[in-house]
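Shown next, in structure tokens, is the structure this report addresses.
A note on names: the letters A, B, ... follow the listed sequences, proteins ahead of strands, and every chain is numbered from 1.
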Amino acid sequence: MSAVQAPPAASGSRGEQLRRRLLRSRELLVSYGLALALLIAFAVATPGGWEPQRILTILGQNAQLGIAAIGQTVVLLSGGLDLSIGPVMNLASVVSSAQMRGQDGNIAQGIAVAIAAGGLVGLVNGLLVSRAKIPPLLATLAVGTIVQGGYYVYTEGQPKGGVAPGLQSAADAKVLGSIVPWWLVLWIAVWIVVAFLLYRTTWGRRFYAAGASPRAAWLSGVAVSRYVVGAYVLSGICAAIAGIALTAYTGSPSVSGADSYTLQTVAAAVIGGVAFSGGIGRLAGAFAGVAVLVFLTTILETLNVDSAVQYVVQGAVLIGMMLVNRRLIGRGSGSAGR
Amino acid sequence: ATTRADPTGRFTIGYDVYWLGNSWSTQLAEEFRAAVERNGDSIEDVVYTQSDNQVQKQISNIQSMISRRVDAIIMTPISPSASVPVIQQANRAGIPVTLVAGMADTRDTAAEVRADDIVFGRTGAEWLVRKLGGRGNIYVLNGLPGFSTDTLRWKGAKDVFDRYPDIKVVADAHAAWDTARAKTAVSNMLAAHPDVDGVWSQGGAMTLGAIQAFRAAGHPLVPMTGENNNGLMKVWDRLARSGDRSFDSIGVVNPTWVGSEALTQTLNLLRGDEVRKVNLVNPEPITAGTLDRYVRTDLPDSFWVDTRLDDAQIRALFDR
Amino acid sequence: MSALATSRRSSPLGTTTLAGLKPALFITLVSIVAVVIAAIVSEPFRSPTNVESLLFQMAPLLLVAAGQAIVITTAGIDLSVGSMMSLATVLAAASSSSAGAVVAIVVAVGLLGGLGNGIGVVSGVNPLVMTLGTMAIFRGVALLVLGQPGGVVPADLLTPLTTVFGHVPLTFLLALGGVAILWLASAETRWGRALFAVGGDEAHARRARLPVRRTLLIAYSLSGLFAALAGLALVARIYSGDPNVGDPFALDSITAALIGGIAVTGGRGSVLAVIPAVLLLALTDNLLNLAGVFSYWQYIAKGVILILTLAAYHAAGRPTGLLTMARGGWRKRGGAA
Amino acid sequence: MPRSELSSIAEPIDVSATSAVSGGPTGSPPALACDALDKRFGATHAVRAVSLSLGAGRTLALMGENGAGKSTLMAMLAGELKPDTGSVTVAGSVAVVHQELSLFPYLTIAENLCLGREPRLFPGGPVNNRALRTLARAALDRLGVALDVDTAVGRLSPAEQQLVEIARAVALDPALLILDEPTSSLEPSQVDLLHAATERLKAGGTSVIFVSHRLEEVFRFADEIAVMRSGALVGAGPASDFTRESLVSSMVGRELEQLYPDRSAAQPAAEPVLAFDGAGGHGVRDVSFAIRPGQIVGIAGLEGHGQHVVAELAAGVRRLQAGQLVLDGSSTGRAGFKSPRAAIAAGVAFVPPDRRTSGLMLPLSIAENLTVAAAHRLHPARLLNGARERRATGPVAERLRLRFQSMEQRVGELSGGNQQKVLFGRWLLVPGLRLLVLDDPTRGVDVGARAEIYGVLRELADRGVAVLLVSTDMLELIGLADEIHVMYEGAIRGSVPGHSATEEEIMTLAAGAA
Ligand SMILES: Nc1ncnc2c1ncn2[C@@H]1O[C@H](COP(=O)(O)OP(=O)(O)OP(=O)(O)O)[C@@H](O)[C@H]1O
Ligand SMILES: Nc1ncnc2c1ncn2[C@@H]1O[C@H](COP(=O)(O)OP(=O)(O)OP(=O)(O)O)[C@@H](O)[C@H]1O
Ligand SMILES: [Mg+2]
Ligand SMILES: [Mg+2]
């Protein structure tokens, strides 16, 4: 190397590195701050709200949203959007029940087929987005509609088979001193696996590149469409797992039970600081996003707030939090990055 | 009503399937279809449309039936008020309209067949009050705000509860007739108000969710009102056999066979027979004493008991 | 590069305005072909009842999709339009005042609700989340105003709303007029040019000293207003108020706008194109219905049509595409070759 | 006089008292004055206590290394960025041509030019499109540019876009015109147009601030020069007080004996790495030449004559439509490399000309941007290893004199020139590099860093890497390339050996003569 003098602050101390890292994840801090605020509100406002077991139970009951939100987050990071999550969850519910036929012996088969179906839908989404270049919003909306049509044709509104009792009891099972819901463990496990892929492997590195700027990544030798397709497949699989979780939770298959999940996953990811422009945000944000949505609903329901007023409060809180989020993040970060 | 039969005495009927999103609505349509088969010699053709629970779509569907000049229309109004204009439009075109399992804010219908939602709500509430001896804390599980079924069932129940000052509604929620949402709602209620003596629910799927929530929380079961849903019947049956005394229920029947009844009435109407305009059907509710006669352990949870479908048709419904 | 070509066009309309009509032309052709075939094949389709029904059905979607198109042009989205429509119907049915007062209330609520969305977006809240929030708020308010479907629409409002000329409903004509006005405003005014610039690149628009905030506020207010008016057009169909009736319109309006060639990424498209798009959507429903196709197949058909339309746009965007409707189309920005 | 040696560049130097730019020859009140402007971005002190004044009708060249704070200062002068402290006074309106283009690709030239001030049919009414076109044509005419105003801007070449952007600013008739690297993608004749336009504006009393890393231009445009280093003003005075050498040394804080490295004496190997054999497509035809290991081959040409396409064909960005591409003596397949990925697999890397849309992932960190191509090879087990990564990236950053806070910093926060260095540095991490294809690699890069990049290029060549260099900068080609192919209308018009080439010779070929 030549003997030029290094510019100041080139490498940076460990402390500085950490500070930088935190600053880059400001959105994360904010969303966890919001989740914490709601948790405190929950503890204060509802009877028994400070019991860890209760909090764990509530999170466990919403594992299906959490798992589906992981998939949505990954798709958003790839620069896309998945509006087929609700339909895929219903699809998973229908096909897994049809496979299980209420027999414990068929559980593995039911899960495998549902996951395969979810992955397949994800593959179609991914190919439409990356190969046919159809905007993600439309591609996944259309595929979701087709999937919906598909399982209606298949079931004629009347899902076949039934949920295996073993799977049903797993929905309420608790582990680790019987306080941690089994599904919460599964949710965290899915999260850890995906986070490991995103943040500890070279694929994650290249995936973020593909999401942040497909063109630049492509020119650097990244097989962009593979990563995009991968994101949708992952989302389809997460949605299928979530659909199975929902079916296990209710104990019966449904063709419409997950309809509201699509937008909820988007909301969770965005509250967690993930941007729509791709490559911006962290997976961990989705956890805070789900927590925010879930505790808000629980507080309002526990306080017996009238449904109409619940809608208003939920909307207002969602907006209020995003405004706070903007205030906290918006300052100090110049416009160069945009 | 006018007779509009073709020379062979066969009619063309328009049937709008308002929704296929849950098993009750699916079985309703199936009962209708079964009745069509039974009445094959009086029916030339049936024009089916589907509304997916969308008001605007239902209006277009009915209008398309009008433009196809069917002899009569059978429909389940998604909105009692929004369906009025199109019912009147059908009348102007000389097409009688029969309502099944729903109502409209108009007198211009030819016939109506449905369970009375107020009676539905009242029946369950009266049973619960009696069961609790007129005092106790209860949870309320409603359907979806803004839908008339929801409003009317709760109205029927509330009138009863209001008469008993010692019955306290300690928690209520709208759980959309959905098991998952009811289960979540009830587990929240249990955490906040563990001191509960009964559950009044607007639907069988929600009652199932409530039972699951009680079990998951390790809370002893309490009396809960329900519906004629086989899933509930099966659980109830199992509990009864296992000797669980804490649980009891009532299956308030919202019969799916109104689908077949509606066809019968409509055909009578078309043949020029005298028909009663409003037919409120509230069959005997299912109780612990009569449970044996209804429960079908061989059929899935999503089946609705008290049906006019024969066994072959039921098999077809679940095996296709 | 043919940059030196000297085609000195002197049309009174802007060049971009004209270019934005190309996608509209494409689906106009498609839907006209569909209408002609349907009219030949299906006797019920030709019936006056059906035509009238079709037009009545199109009116609310036309209005709400036009407003949605404006918002999408800013690279935003408005999920709250469905709830706003419901809110407008219950306001019309619950206020038991004169027609004038009802219209004034509905217009004011629409504008204010939309303005609220705009303020949120301008303050940096993501449009999808902002309007998801107001969607819940408007629904809650609608339920508070009218807990269940019903109410009474003032007669002096219902009469004009349900007027039909021949078989052409007044609401349909008014909706067409509304779309046309919105089109001209968005294509041919200073605000409209700023709209396209903001949608194309907000940071650049700010640097060019365009009134970015004002532009966005107006865009969302208009979307709110047109959703409220669409609610009134819906009243012409349901003669009452219903706190849930507008729900399907959120996604339908987005679908219509995108089929009309409004780019989801913002800055491109023409509001006028929602007319054929809405026609195409209404036709799909209507024809599949008349053909006796059960609605689960309709779902599938709709999904496929959506994908095909967008794939066609994409193919047309390439200079070598089969369809040459957008020959010499836009050079893609930064897309992979 | 500018000082060429500074004891410490971290200390802010207040030169306003002694060497603030004078208020013009007549001593009239200044058109622009700023006082003690200061701006920080987090830990970066981008502008430090800068005071300046500039008389009406004068041109000031603002000079400095990449990241010195020029763009930040301009943004504050233009009122686009709020200073932390200090004040700005401008006698009249300000128009800015930004370093990064800020046009709207889907709008036409006319619409872009008149955005926000469209003529209307009547007050408050619709746009008068006929008047709009007339106005737009007038704006282009003022600059002497002939373009169809109905063309969508996205269809123009970068140079044409830059001209439109300039026309937009000029049309505003501002009291102060700020030009932040306006010439970075212009060719000489277009620079002449700009020069003529600024001269006309100056005659009308407009003051101009001009930023460029092309030193020749600076002396041609500027009446006065101010030099920034590390955010502070380190020297200012009439242009005649500066020489090329004194300017460079006051910018980079050291003497720079030589911009271009010595040519290698070694003969390049006989066997080419990559050979174009009658290649064609996308507007080029019959391109045949070879690139041998250790050789730097230059492609010259005026904008739009196909030189970018040649680079893209070599790198797998576009597929050949005729002829073939021969790698190590065997054909690369029917249409050349299948994709950049395939090219990279063969050891062929590409630095695209547009760093913001094609080169960098702006929201990601410097580390992420540097390692994207090398990720799999840096971490063969596919697991990220922070220590290994720091060991690899640190020296690259140092070598390129990258000015940054931390490897975790978003690359979008870097100054334009430093972004370019990251883009270039990406390939220094990739082992097994055989051919480096560069399209305008030093656009917006300061003279000091350019010397570094050139040095690195020569070093690579000496190690046997081949380089294909496309550039709009004729001197760069002459200074570096062993052989220069000049393109005209999509074909190679002629070739000249680098060591003996002259600007005139290349220009003649590029213009299609000879
Ligand atoms: N929005 C921002 N956030 C953080 N740092 C910034 C931001 N904008 C500029 N900087 C930093 O401020 C310093 C000055 O940047 P500026 O863009 O003014 O440099 P410049 O002199 O114009 O350089 P160049 O010649 O490369 O364009 C750089 O270190 C840059 O990284
Ligand atoms: N050191 C090397 N020198 C030359 N070629 C290599 C080297 N390492 C890998 N390659 C080849 O380069 C190509 C791209 O390699 P890389 O490992 O980056 O891609 P990949 O793992 O397939 O990428 P992605 O994860 O994006 O799908 C492959 O064909 C690989 O065989
Ligand atoms: Mg790989
Ligand atoms: Mg700069």
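- Using a 4.5 Å cut-off between heavy atoms, D:Leu132 contacts chain C through its side chain alone, with no backbone atom that close.
- Atom CZ of C:Arg214 sits in a sparse spot, with 12 or fewer heavy atoms from other residues, nucleotides or ligands closer than 6.0 Å.
- One distance of note links OG1 of C:Thr15 with CG of D:Leu107; it measures 10.5 Å at 0.5 Å rounding.
- Contacts between D:Arg319 and chain C at a heavy-atom distance below 4.5 Å are absent for every atom of the residue.
- With values rounded to the nearest 0.5 angstrom, D:Asp150 atom CG is found 8.5 Å from C:Thr16 atom OG1.
- Note that NE2 of C:His204 and CG of D:Leu115 are 12.5 Å apart. Values are rounded to the nearest 0.5 Å.
- Both the backbone and the side chain of D:Ala78 come within contact range of chain C, with heavy atoms under 4.5 Å apart.
- Looking at D:Leu101, the atoms closer than 4.5 Å to chain C (heavy atoms on both sides) all sit in the backbone: N, CA, C or O.
- Both the backbone and the side chain of C:Ala205 come within less than 4.5 Å of a heavy atom of chain D.
- One distance of note links CZ of C:Arg209 with CD of D:Glu80; it measures 5.5 Å at 0.5 Å rounding.
- Side-chain polar atoms of C:Thr189 and D:Arg120 form no donor-acceptor pair below 3.5 angstrom.
- Distance check: D:Asn129 CG to C:Thr17 OG1 gives 6.0 Å after rounding to the nearest 0.5 Å.
- Nearest heavy atom pair, residue D:Glu118 against residue C:Arg193, reads OE2-CB, 3.3 Å.
- Contact detail for C:Leu13 and D:Arg133: the closest heavy-atom pair is O-NH2, 3.3 Å.
- Contacts of D:Glu111 with chain C are made by side-chain atoms alone, with heavy-atom separations under 4.5 Å and no backbone atom involved.
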